[in-house]
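Read the numbers this way: they start at 1 and go in the same order the structure lists the ligands and their atoms. Just so you know, residue 1 is the first one in the sequence shown, and it goes up from there.
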Amino acid sequence: MEKYPLTKNQDIEIEITGITTEGSGVGHYDGIAVFVPNTAVGDVIECHIIKTKKNYAIGKIKSILKAADARIIPDCEVFEKCGGCAFRHMHYSAECEMKRQRVKDAFERIGHIDVEPDEIIKSGRTNRYRNKAQFPVRSDKNGISIGFFAANSHRVIDCRDCLLQPKEFAKILGIFDKWIKKNAITVYNEETKKGLLRHIYIRKAFETNQVMVCAVINGHNLPKKDELIISLIKECDNIVSITVNENTNDSNVILGKKCRTIWGADYIEDILCGVKVRISPLSFYQINHDQAQLLYEKAAEYAGLSKDDTLLDLYCGAGTIGLSMADKVKQIIGVEIIPEAIEDAKINAQINGITNAEFICGDAPEAAEILKNRGIKPDVIIVDPPRKGCAPELLDTIVEMSPKRLVYVSCDPATLARDCAILKEKGYEVRKVTPVDMFPRTSHVECVCVMTRKG
Ligand code: SAH
């Protein structure tokens, strides 16, 4: 067997020739793939090897010998440590082109489908676009850290004013920090499973400016809560809801099942595509408001709805996609597994005076099967599943329901391509795909695609 060409702590010269789906640069050395985070295609670097595995190695930049054309100086101090962003070191246009290519590659390599994605819909804002953040709170010898987990780790990087979040999130974290220190509030320790405060979860409605604050705790009671509430509402007059989420589970799932309002409303309200939406802490809500509107507009264009249509909105969250299209169709039916989100969806229909919407709480594959057996024949089906995509049984049921058009909204091109390949075998063909940059500066990319029956 040939000798493995790399050793730990070795310095090598390498050219970056590709980017992984997680956003790491990759080059090759004597046939071995070397992954180097925070690099761009075209960079020639002196690389310090930090880990060697059988088929690959991981390195870090020691020095940049030749910078790629796309390279810029990152505008964030913690970019290299924090696991949140992947592309702060390159021009936004290069990032977008790379994301579009990734969608094309996924269709080609995973789905064996030859499709040319449309131009990616770029984000107007590349900073401060997120309307939601969940900050872990931990403590160590240096004191309290509030921020983000380092890449592939459970170490918290202290970062109060993340460039992806609205400014006032930093102010809210500052208020928590003071309150924790003044009252000796304990913070969660993942090893001992002890300590009270686990996460600070904040959401902001960009259209209405309303803010929701939620303390995620490993316990049942928040001591000195009145003091916290008074500071929060005194210093941030757009906070309308303060809740406590109880999470006593020994897992890395951030939110527990129980939320309790300790001040103000149980929800915040926003406006999305002209629809007033009420969002409670446990409901999913698109994190980039402006891009979500463009995504829904594209989905509506692909859906090509008409007045007599029945629209089935699977994985509907708080009902937002379907409700934004309710005036174009006869009937919408939404399906979602989280009960609180379904409650929000029903209220969202009501407060917008929408009377042609029905919402069902359940597992999408099971609910679709029930609807099919009830004789429902949707003209258009929209699916918007989590990253893992659709279960094969659901794809079967969709095909059996035989919609004119299937619009697939996806946050993972790989599972999208996999599911499109299954649907292709069953007679549905991809007609158009548009990537949408919902998450600038991170490695994630959203997509919407439309499929119709062959022939
Ligand atoms: N379409 C919505 C939500 C998309 S996110 C929007 O645009 O806002 C995906 C949603 O699928 C989440 O609300 C999640 O709770 C829901 N979900 C996850 N697994 C599910 C399942 N098996 N059945 C139904 N809904 C599910």
(request) Check side chain to side chain donor-acceptor pair (under 3.5 Å) between Ser306 and all other residues, then give those that pass, not counting sequence neighbours. (result) Asp309
(request) Determine the interplanar angle of the His289 and Phe206 rings, folded into 0 to 90°, and report it as parallel if under 30°, tilted if 30 to 60°, perpendicular if over 60°. (result) parallel
(request) Count the heavy atoms belonging to other residues, nucleotides or ligands that lie under 6.0 Å from CZ of Arg387, then report whether that count exceeds 12. (result) no
(request) Return the minimal non-hydrogen interatomic distance between Lys224 and Trp179, and the atom names on each side. (result) O-NE1, 2.9 Å
(request) Using a strict cut-off of less than 4.0 Å between a Lys/Arg side-chain nitrogen and an Asp/Glu carboxylate oxygen, indicate whether Asp177 and Arg160 qualify as a salt bridge. (result) yes
For ligand 1, list every N/O pair with the protein closer than 3.5 Å, one pair per line with the distance.
from	atom 1	to	atom 2	distance (Å)
ligand 1	1 (N)	Tyr315	O	3.0
ligand 1	1 (N)	Asp384	OD2	2.9
ligand 1	7 (O)	Gln286	NE2	2.7
ligand 1	7 (O)	Tyr296	OH	2.6
ligand 1	7 (O)	Asp384	OD2	3.2
ligand 1	8 (O)	Tyr296	OH	3.4
ligand 1	8 (O)	Thr320	OG1	3.3
ligand 1	13 (O)	Glu336	OE1	2.7
ligand 1	13 (O)	Glu336	OE2	3.4
ligand 1	15 (O)	Glu336	OE2	2.7
ligand 1	22 (N)	Asp363	OD1	2.7
ligand 1	23 (N)	Ala364	N	2.8
ligand 1	25 (N)	Ile337	N	3.2

(message) With a 3.5 Å distance limit and no angle check, can you tell me whether Asp118 reaches the backbone of Pro435 through a side-chain donor-acceptor pair?
(response) no
